[in-house]
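What you see is a predicted model, and the numbers here were worked out from it, not measured in a lab. Lettering follows sequence order; numbering is per chain, from 1.
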Protein chains: 4
Amino acid sequence: MDDGPSSPGRHRQPLRADAQRSVDALLAAAAQVFAESGVDAPVRQITARADVGAGTLYRHFPQRSDLIAAVFRREVDACAAVGPTLAAQYEPLEALTRWLERFAGFVATKRGLSAALHSGDPAYDSLPGYFQQHFEPVLADLLDSAARAGAIRSDADPWDLLRAIGNLAVPLEDGDDHTQRMISLLVDGLRYGAGSAPRQA
Amino acid sequence: MDDGPSSPGRHRQPLRADAQRSVDALLAAAAQVFAESGVDAPVRQITARADVGAGTLYRHFPQRSDLIAAVFRREVDACAAVGPTLAAQYEPLEALTRWLERFAGFVATKRGLSAALHSGDPAYDSLPGYFQQHFEPVLADLLDSAARAGAIRSDADPWDLLRAIGNLAVPLEDGDDHTQRMISLLVDGLRYGAGSAPRQA
Amino acid sequence: MDDGPSSPGRHRQPLRADAQRSVDALLAAAAQVFAESGVDAPVRQITARADVGAGTLYRHFPQRSDLIAAVFRREVDACAAVGPTLAAQYEPLEALTRWLERFAGFVATKRGLSAALHSGDPAYDSLPGYFQQHFEPVLADLLDSAARAGAIRSDADPWDLLRAIGNLAVPLEDGDDHTQRMISLLVDGLRYGAGSAPRQA
Amino acid sequence: MDDGPSSPGRHRQPLRADAQRSVDALLAAAAQVFAESGVDAPVRQITARADVGAGTLYRHFPQRSDLIAAVFRREVDACAAVGPTLAAQYEPLEALTRWLERFAGFVATKRGLSAALHSGDPAYDSLPGYFQQHFEPVLADLLDSAARAGAIRSDADPWDLLRAIGNLAVPLEDGDDHTQRMISLLVDGLRYGAGSAPRQA
DNA sequence: GATGAATGAGCATTCATTCAT
DNA sequence: AATGAATGAATGCTCATTCAT
């Protein structure tokens, strides 16, 4: 399921020790830089922090999106993995809400990611597919469960919701829970018109 | 001292004829350029189209946001003005929905505006205030009416909603009404838990 | 006939004093650099020597070939102008030979020019036309006169000869008159088979 | 007669089998790459095609010119060998002309070779000697025969001619026989002033 | 006031060569 | 011997902003 950093689909190919060191340094550096300056931070900033030549970065991550995907892979996996866990622990609606907040948390710390996704720059072309592939099934399951439980309508499109929250979830000043309120509102929208009425016992 | 285009609050000081001509040309040019290439299009593109020197632009619009605000002023005013009109023509909930879609339409055609607002670049610092000042009261009224009519809850924060839709409203491919669906969902969220139950008679 | 450096065909537009200074500095610097390092020397080398920003160079000479043409314009003009002069002073064959040597002298000091002409790089696309336009008519006249005098054949193609000598005329070590010998040989080739026999009185 | 590819003068030392395989692969790959992209094609292109590490190339061919010479050795030998053959089949002048065209054909397919020879880059220093050593005697013989037959003058310098045609023979667009015409012209130059007059019986 | 020339830091990217593995 | 990862200087080019004219 996992392989060399730049060839997400091929057969695993063990990296030489020095290469592995470089890749690790780059991922760590990029993670920091992305957090501080956004995903479109200058390449140099990353290589400098990783103490690595520019060519090394391009060797392992020929496309900018390759680096982004690699940096976020762990986080994406982690976030996606939370879906089933929540589904097992909470009742469907609660699980859904919690996961959306979790997902928003993931997005919010990725400054510039949303912009990059819509920039039209071909260097980012592969990213939407990457995210869709990893997140859509998870959300689809959560929506299904909630719908089957009668808690929400059954016509919600998971990709629609992911895009919406992906755009909504902007980094905020401390103490501002705008994103959370908006998620709550969206979920209420899903509940509205579901089989069971909202209020009355 | 004057309120040349960049100082909206001061005492009016009529521009010299040539200055006025420059400002007009810049506004027209910027409007076109923003529409074609987004609000972060290169400055030269604008000055070239306006047939004006770069210095002239900086004289009248020292900050990028000054130009953006000036360019959008008419559209902002127009969009804001639609609020009362809709309120007079439709029942509260319908008016609210329609205006939010109108507002989304405004935002969607401003490529890069949302990104600019969150870029952290001080050149855009004054924009959020500008939009808040013009749009918030309008939406507040619409929400109030709808709430008083019992169509939606009464605790909705207009600025929250404006920000949400401002982020949500991304330019889409033809035929994709993602934004409209999401607005509808948000409004349903507002309706959920309002005095009257959604479905049953 | 002559205008702004980058717009060889338009109406003359007097340059501002500072612009003229920059252009002059650039031309002087480029001339030196081309002589030392060839026409594909790094841009930076030229701007540094001219004490001018990189943008200034690109403003006046958007294409590399624009700079080359401008740098060589004087020399091209001078070389082309020598044709009629020689034609007036010497008998046709002598004039022809002398001009070809003069032309070879022009080419020989332009290191890399010939290579640039054949590099396929679009940045040099306009150069062949530039040279053809300036040199071909001059050589055509010289060939015509010599042919009419019966000194050479009448089927020589001027552009063919220009290309040949353009390639032939490579910078040589001091004291090596390879180029001159080859020109002489080519001219002998032209004489061969002309109306009058070579040797016998 | 032959030794390690890079040390033409030392005592023969048979290569290990794997080393020989590498060298062969490199020569084959380089031949293809030179034909497609010229002799100054990126090194990586060659090593990639040879499926060999970069270090391996540098081990066997420390200088770029070593590789070029090795790659062209067969072709050079073949071209040189044609001289005597032609001399045996045709009368001297015809043989001379045909061989010059053959030589031009060799040069013309080596994109960038002529430029490399004059680049001043020390990596190419040894090439002129290599070519001189192989081609000069062949041409000297052809010139001698033609001169002794009275078809051309006797003062032609073979190295001069080789250089001239080496420069002249530039890759051309299809259907353009510029090079052939120029060779013909040069040969006519050689004929001019020879013992026998060109035309009159 | 207007102009637009000049600036020059900044960026992505390539590639010959070295050297740890 | 072979590998190929790493290096990092070098290069062309852009563009916001300033300031001489």
**Student:** Would you kindly give the CZ-to-P distance between Arg64(C) and dC13(F), to the nearest whole Å?
**Tutor:**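 Rounding to the nearest Å, CZ of Arg64(C) and P of dC13(F) are 8 Å apart.
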
**Student:** Grab the CG-P distance between Leu57(A) and dA9(F) for me, whole Å please.
**Tutor:**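 Distance, rounded to whole Å: 16 Å.
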
**Student:** Output all residues satisfying side-chain contact (heavy atoms from CB on, under 4.5 Å) with Ala29(B), sequence neighbours left out; order by chain, then residue number.
**Tutor:**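 By the side-chain contact (heavy atoms from CB on, under 4.5 Å) rule, Ala29(B) matches Ile46(B), Arg49(B), Ala50(B).
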
**Student:** Strictly below 4.0 Å: does His60(B) bring a side-chain N or O up to OP1 or OP2 of dG1(E)?
**Tutor:**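 Answer no for this pair, as no side-chain N or O of His60(B) is under 4.0 Å from OP1 or OP2.
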
**Student:** I'd like to check Gln45(D) versus Ser37(D) (side-chain heavy atoms, cut-off strictly below 4.5 Å). Are they in contact?
**Tutor:**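 In short, these two side chains touch, coming nearer than 4.5 Å.
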
**Student:** Suppose we screen for side-chain contact (heavy atoms from CB on, under 4.5 Å). Which residues come up paired with Arg74(D), at least two apart in sequence or across chains?
**Tutor:**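 By the side-chain contact (heavy atoms from CB on, under 4.5 Å) rule, Arg74(D) matches no residue at all.
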
**Student:** Please give, in whole Å, the distance from dT17(F) P to Arg59(B) CZ?
**Tutor:**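 Nearest whole value for this atom pair: 17 Å.
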
**Student:** With rounding to the nearest 0.5 Å, note down the distance linking OH in Tyr130(D) to CZ in Phe72(D).
**Tutor:**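 Interatomic distance, Tyr130(D) OH to Phe72(D) CZ, rounded to 0.5 Å: 9.5 Å.
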
**Student:** Using whole Å, what does the distance between atom C1' of nucleotide dC15(F) and atom OH of Tyr58(B) come to?
**Tutor:**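 One finds 9 Å between C1' of dC15(F) and OH of Tyr58(B), rounded.
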
**Student:** Mapping Val52(C) and Ser22(B) onto DNA chain E by nearest heavy atom, which one lands closer to the 5' end?
**Tutor:**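 That would be Ser22(B).
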
**Student:** Looking at every heavy atom in both Arg64(D) and Ala41(D), which two are closest together, and how far apart are they?
**Tutor:**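 That would be NH2-O, 2.6 Å.
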
**Student:** Ignoring hydrogens and geometry beyond distance, is a side-chain donor-acceptor pair present between Ser22(B) and Thr56(B) at under 3.5 Å?
**Tutor:**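 Side chains of Ser22(B) and Thr56(B): no pair found under 3.5 Å.
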
**Student:** Between Ser126(C) and Gln63(C), is any side-chain donor less than 3.5 angstrom from a side-chain acceptor?
**Tutor:**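 Checked: Ser126(C)/Gln63(C) side chains show no N/O donor-acceptor pair below 3.5 Å.
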
**Student:** Detail all sub-3.5 Å separations between protein N/O atoms and N/O atoms belonging to nucleotides 19-21 of chain F.
**Tutor:**
residue, atom, partner, partner atom, Å
dT21(F), OP1, Arg21(C), NH2, 3.3

**Student:** List in chain and number order the residues that pass side-chain contact (heavy atoms from CB on, under 4.5 Å) with Ser119(D), two or more places apart in sequence or in another chain; answer none if no residue qualifies.
**Tutor:**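 Asp121(D), Tyr124(D).
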
**Student:** Under the 6.0 Å and 45° cation-pi test, does Lys110(D) pair with Phe34(D)?
**Tutor:**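 Not flagged: Lys110(D) not positioned over aromatic ring of Phe34(D).
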
**Student:** Just one of Ile68(B), Val71(B), Leu117(B), Leu127(B) clears the side-chain contact (heavy atoms from CB on, under 4.5 Å) bar with Val39(B), so which one?
**Tutor:**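 The residue from Ile68(B), Val71(B), Leu117(B), Leu127(B) that satisfies side-chain contact (heavy atoms from CB on, under 4.5 Å) with Val39(B) turns out to be Ile68(B).
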
**Student:** Using a 3.5 Å limit on both pairing distances, list the dot-bracket string of DNA chain F from the 5' end; Watson-Crick and G-U wobble pairs count, crossing pairs take [ ], interstrand pairs take |.
**Tutor:** .||||||||||||||||||||

**Student:** May I have the distance from Phe61(A) (atom CZ) to dA12(E) (atom P), rounded to whole angstrom?
**Tutor:**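 Atom CZ in Phe61(A) sits about 16 Å away from atom P in dA12(E).
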
**Student:** Could you check which residues of residues 42-51 of chain C get a heavy atom under 4.0 Å from DNA chain F? Sort them by number, please.
**Tutor:**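 Hits under 4.0 Å, by residue number: Pro42(C), Val43(C), Arg44(C).
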
**Student:** Closest approach of Phe131(D) and Val76(D), non-hydrogen atoms and distance?
**Tutor:**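 Scanning both residues completely, I find the closest heavy atoms to be CE2-CG2, 3.9 Å.
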
**Student:** In whole Å, what is the span from the CD atom of Gln20(B) to the C1' atom of dG1(E)?
**Tutor:**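 That distance rounds to 14 Å.
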
**Student:** Rounded to the nearest Å, what distance is computed from the CD atom of residue Gln63(D) to the C1' atom of nucleotide dT18(E)?
**Tutor:**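 Result: 15 Å.
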
